[in-house]
Enquirer: 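Submitted below is the structure of interest, expressed as structure tokens.
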Amino acid sequence: MCGIVGYIGKKNAVDILIDGLKKLEYRGYDSSGIAIVDGTQLIVEKAEGKLQNLQNKIEGLSLYSNMGIGHTRWATHGRPSDANAHPHTSQNGRFAVVHNGIVENYLTLKETYLAGETFTSETDTEVVAHLLEKFYNGNFEQTVVKVLDVLEGAYALVMVCADEPDKIIACRKDSPMVLGVGDEESFVASDVPALLAYTRKCMYIEKGELCVLTKEGIVIKNHDLQPIEKEVHTIEWDAEAAEKDGFEHFMLKEIFEQPEVFKKTLAGRVQQGKVQFDEFTLTKEQISRWKKIYIVACGTAYHAGLVGKQVIEKLVRIPVEVEIASEFRYRDPMLDEDTLVIVISQSGETADTVAALREAKLKGCKVLAITNVVGSAIAREADYVIYIWAGPEISVASTKAYTTMLIAEYLLGVYLAQQKGVGEEAALTAILDGLQQLPDLAAQMLTEDYLAQIQQAVASYRDVNDIFFIGRGLDWSIALEGSLKLKEISYIHAEAYAAGELKHGTLALVTEKTPVVAICVQESTYDKTASNIKEVKAREARVLAIVNEGDNQTQKFVDSVLAIPKVHNFIAPVLAVIPLQLISYYTAKIRGCNIDQPRNLAKSVTVE
Ligand code: M6R
């Protein structure tokens with residue numbers, strides 16, 4: 001939530017800030033702003049709405065500076081408006097601040113230190129700028145330390161002082177931030193895509209560390225302002241991966257990237273019929289100790305967890321519970337050293353999932369993370385990490401991260417079974433063989449013809465108000481994901497139901513006005529799902545069914561079908577969700593929705 005960027009060097013900061021904000025707009029897009037120091041004058045420009053509004057506003061102003069900070073906002077405190085947009089400034093106009101996170105004690109801080117001062121916004125962030133002015137003793141660094149000492153909450157903060165224009169100061173606690181090391185220039189940003197065009201050298205910072213960016217380089221200091229050593233990492237993602245590359249939307253591009261990223265998720269992890277992870281090794285004794293597993297995540301990652309439960313329970317025979325992260329930590333779950341907690345998060349920074357991870361560690365559990373972002377909070381704090389290697393996912397609606405999370409879970413399931421010595425070797429090998437086929441099979445699906453079939457199938461969804469997704473077992477898990485995707489980007493109310501559950505109440509809602517998407521891929525439940533489809537057909541619902549290639553039955557009793565290539569049935573969800581992603585995409589498109597940046601949402605949810 002919220003993207004922040006800072007630059008100091010020899011180039012015009014304005015161009016670099018706007019470019020960086022474009023790359024971070026997926027994090028929030030209700031308003032944006034920049035602050036630069038020109039000579040010793042602080043100049044701030046902000047605009048409500050998309051970044052383009054800010055660009056229009058500054059066009060022709062001939063702004064120039066070698067340093068500055070920028071922000072793109074997802075509102076928490078105060079509605080989207082020019083006044084609430086960041087950067088926020090001190091009363092004397094000498095300090096400017098951009099912030100991602102929440103200052104939880106901002107009301108107390110106002111009363112304690114800033115009584116009588118005039119605030120121009122409804123935000124929590126503005127207190128930080130005012131405190132900088134209040135505590136300033138002629139030394140910017142010391143002043144920032146004093147301010148941090150009184151702040152409570154989560155923050156990534158980047159600050160400038162017009163009286164010390166040779167530096168930018170950045171710090172973080174529980175909100176993401178990455179530093180970019182350039183040649184006579186320094187960068188800071190919420191996420192790597194903002195840096196890729198300029199540098200691949202980056203540093204990650206921890207809570208309590210103060211980063212002083214100058215054009216000569218970056219010095220990281222501790223609370224006593226003593227310099228500390230930091231490892232410089234190389235970013236592996238390539239710059240093109242964060243561009244649309246000719247696709248109309250990032251979402252479509254990311255759907256099309258799936259065959260390639262499947263290869264990356266699998267690469268090197270299956271050797272002579274055995275799964276291995278470079279990142280860690282687990283022994284039979286370690287695995288045997290776990291009597292129970294929790295999978296904890298939010299949104300799409302939670303839906304991936306629902307598949308993970310079925311994978312692990314079937315292959316490893318350890319009971320698994322899947323929990324929404326925002327619920328998990330508040331209900332005093334029964335955790336101990338004999339419990340493994342698996343957290344799943346594309347961004348690795350979702351606040352609720354991070355909090356759940358910490359809760360689990362406090363209770364003595366080992367935590368295994370499945371994530372996409374190297375260096376993210378979740379990657380750093382977990383005991384074991386499986387990277388999904390999906391590359392940057394920019395569209396707010398998650399697609400390739402979901403399917404690669406599923407692949408990571410299948411690999412994990414087979415790995416745990418092999419290490420523990422449970423399950424039939426041939427059955428595990430068949431799953432691994434199936435996984436290896438996924439890149440080619442996914443590529444075979446993504447043809448012009450298939451896209452045309454999907455567009456035809458959803459043409460009638462333009463004006464509907466409600467859609468149901470139904471399925472059983474693994475098909476139900478992906479029905480949940482299909483329904484979330486549709487809600488998120490097309491704004492159509494969608495519900496996913498276990499197909500057998502409809503008749504226990506929800507069938508009352510089914511009419512000719514409620515189309516149904518039925519997933520009938522799992523062979524073991526096919527006959528039962530077919531019966532449930534006939535129940536909704538009897539209520540005149542139009543049914544679009546996702547079926548296996550070669551299924552000549554279903555088309556006889558539904559309105560249209562979309563087939564997926566034949567693959568080992570247990571791993572079919574990875575392919576069966578692809579038409580669901582495309583159904584959402586094309587439905588949103590005919591409804592004229594903003595596909596990559598749906599209303600009210602942001603890519604990374606760093607508030608609880
Ligand atoms: O980064 P995470 O995987 O932790 O994000 C969790 C959810 O916020 C995310 O999956 C969200 O539901 C997606 N926008 C769905 O497409």
Side-chain angles (χ1 to χ4, degrees), residues 1-3 26-29 74 100 174-176 190-193 249-252 254-255 258 295-308 322-328 342-357 367 369-379 381-382 385-406 408-409 477-478 480-491 494 496 577-578 580-585 587-588 593-608:
M1 318 250 91
C2 302
Y26 70 89
R27 301 180 65 86
Y29 32 82
W74 185 86
N100 172 27
D174 297 339
S175 292
S190 297
D191 198 1
V192 161
H249 297 99
F250 277 112
M251 183 178 178
L252 191 62
E254 289 160 7
I255 290 172
Q258 291 178 110
I295 301 182
V296 188
C298 303
T300 283
Y302 168 76
H303 293 156
L306 296 174
V307 174
V322 192
E323 296 238 9
I324 292 169
S326 56
E327 293 293 319
F328 178 74
I342 300 177
V343 291
I344 309 181
S345 172
Q346 184 283 131
S347 60
E349 64 179 63
T350 298
D352 285 315
T353 313
V354 175
L357 177 156
V367 176
I370 298 179
T371 187
N372 194 27
V373 180
V374 177
S376 60
I378 283 176
E381 295 185 34
V385 183
I386 301 177
Y387 289 107
I388 56 177
W389 302 125
E393 193 179 62
I394 307 292
S395 168
V396 167
S398 184
T399 54
K400 61 177 179 169
Y402 174 76
T403 42
T404 50
M405 283 168 187
L406 298 194
E409 289 175 330
S477 303
I478 60 164
L480 285 157
E481 173 58 7
S483 122
L484 173 66
K485 215 90 301 173
L486 190 76
K487 283 185 269 235
E488 186 176 21
I489 61 167
S490 76
Y491 314 147
V577 79
I578 294 176
L580 303 185
Q581 296 168 344
L582 289 162
I583 287 170
S584 302
Y585 175 80
T587 305
C593 299
N594 186 336
I595 292 179
D596 284 334
Q597 296 176 342
R599 70 183 177 211
N600 305 341
L601 300 179
K603 183 72 181 162
S604 300
V605 186
T606 53
V607 291
E608 287 182 47

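Whatever order the structure lists them in is the order used to number ligands and atoms, beginning at 1. Positions are given from 1, in the same order as the sequence printed here. Hydrogens, waters and symmetry mates play no part in the numbers below; they use all other heavy atoms, side chains included.
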Enquirer: Any idea which atoms of ligand 1 are less than 4.0 Å away from a heavy-atom of Ala301?
Expert: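 Answer for ligand 1: 3 (O), 10 (O).
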Enquirer: Considering only protein heavy atoms, which is closest to atom 8 (O) of ligand 1, and at what distance to one decimal place?
Expert: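 Heavy-atom neighbour on the protein nearest atom 8 (O) of ligand 1: Val605 CG2, 3.9 Å.
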Enquirer: Can you list everything that forms a salt bridge (charged side-chain N to carboxylate O under 4.0 Å, His left out) with Glu393? Sequence neighbours excluded, please.
Expert: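 Applying salt bridge (charged side-chain N to carboxylate O under 4.0 Å, His left out) to Glu393 gives Lys603.
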Enquirer: State whether the shortest distance between N or O atoms of Val396 and N or O atoms of ligand 1 falls below 3.5 angstrom.
Expert: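 Yes, since at least one N or O of Val396 sits under 3.5 Å from an N or O of ligand 1.
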Enquirer: Do side-chain atoms of Ser190 reach the backbone of Pro176 as a donor and acceptor pair under 3.5 angstrom?
Expert: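 Such a contact is absent between Ser190 side chain and Pro176 backbone.
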Enquirer: Will you find, in the side chains of Gln346 and Ser398, an N or O donor that is under 3.5 Å from an N or O acceptor?
Expert: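 No, no side-chain donor-acceptor pair sits under 3.5 Å.
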Enquirer: Looking at atom 7 (C) of ligand 1, what's its closest protein heavy atom, distance included?
Expert: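 Ranked first by proximity to atom 7 (C) of ligand 1 is Cys298 O, 3.7 Å.
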Enquirer: In terms of atom number and element, which parts of ligand 1 are under 4.0 angstrom from non-hydrogen atoms of Ser345?
Expert: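 Here the atoms of ligand 1 in question are 1 (O), 2 (P), 3 (O), 4 (O).
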Enquirer: Keeping Glu254 on the side-chain end and Met251 on the backbone end, is there a donor-acceptor pair under 3.5 Å?
Expert: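 Checked: no pair found.
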Enquirer: Below the 3.5 angstrom mark, is there an N/O of Thr350, backbone or side chain, next to an N/O of ligand 1?
Expert: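 Yes - when backbone and side-chain N and O of Thr350 are compared with those of ligand 1, one distance drops under 3.5 Å.
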Enquirer: What part of Glu349, side chain, backbone, both or neither, has a heavy atom within less than 4.0 angstrom of ligand 1?
Expert: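 Contact part for Glu349 vs ligand 1: neither.
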Enquirer: Would the distance check show the side chain of Tyr402 and the main-chain N or O of Glu481 forming a donor-acceptor pair, the cut-off being under 3.5 Å?
Expert: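 Between the backbone of Glu481 and the side chain of Tyr402 there is no qualifying donor-acceptor contact (under 3.5 Å).
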Enquirer: Return yes if some donor-acceptor pair links the side-chain N/O of Ser584 with the main-chain N/O of Leu486 below 3.5 Å, else return no.
Expert: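 Looks like yes, one N/O pair under 3.5 Å.
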Enquirer: Is the backbone N or O of Pro392 less than 3.5 Å from a side-chain atom of Asn372, with the two atoms forming a donor-acceptor pair by type?
Expert: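 Between the backbone of Pro392 and the side chain of Asn372 there is no qualifying donor-acceptor contact (under 3.5 Å).
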Enquirer: Using modelled atom types only, decide if a donor and an acceptor are shared between the side chain of Lys487 and the backbone of Ala494 within a distance under 3.5 Å.
Expert: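 Yes, Lys487 side chain to Ala494 backbone: donor-acceptor pair under 3.5 Å.
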Enquirer: Hey, which atoms in ligand 1 end up nearer than 4.0 Å to a heavy atom of Ser347?
Expert: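 Answer for ligand 1: 1 (O), 2 (P), 4 (O).
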Enquirer: Quick one: look up the protein heavy atom nearest atom 14 (N) of ligand 1 and list residue, atom name and how far away it is.
Expert: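 The closest one turns out to be Glu488 OE2, 2.6 Å.
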Enquirer: Quick check on contacts: which atoms of ligand 1 are under 4.0 angstrom from a heavy atom of Ala397?
Expert: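 Here the atoms of ligand 1 in question are 16 (O).
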Enquirer: Partners of Tyr26 by ring pair (Phe, Tyr, Trp, His ring centres under 6.0 Å), sequence neighbours excluded?
Expert: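 Listed in chain order: nothing, the list is empty.
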Enquirer: What atoms of ligand 1 come within less than 4.0 Å of a heavy atom belonging to Lys485?
Expert: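 Here the atoms of ligand 1 in question are 15 (C), 16 (O).
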Enquirer: Considering the heavy atoms of Gly299, write down every atom of ligand 1 situated less than 4.0 Å from one of them.
Expert: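 Result: 12 (O).
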Enquirer: Tell me the protein heavy atom at minimum distance from atom 11 (C) of ligand 1, and give that distance in Å.
Expert: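 That would be Thr300 N, 4.1 Å.
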Enquirer: In the protein, which heavy atom is nearest to atom 3 (O) of ligand 1, and how far is it?
Expert: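 Nearest protein contact, heavy atoms only, for atom 3 (O) of ligand 1 is Gln346 N, 2.6 Å.
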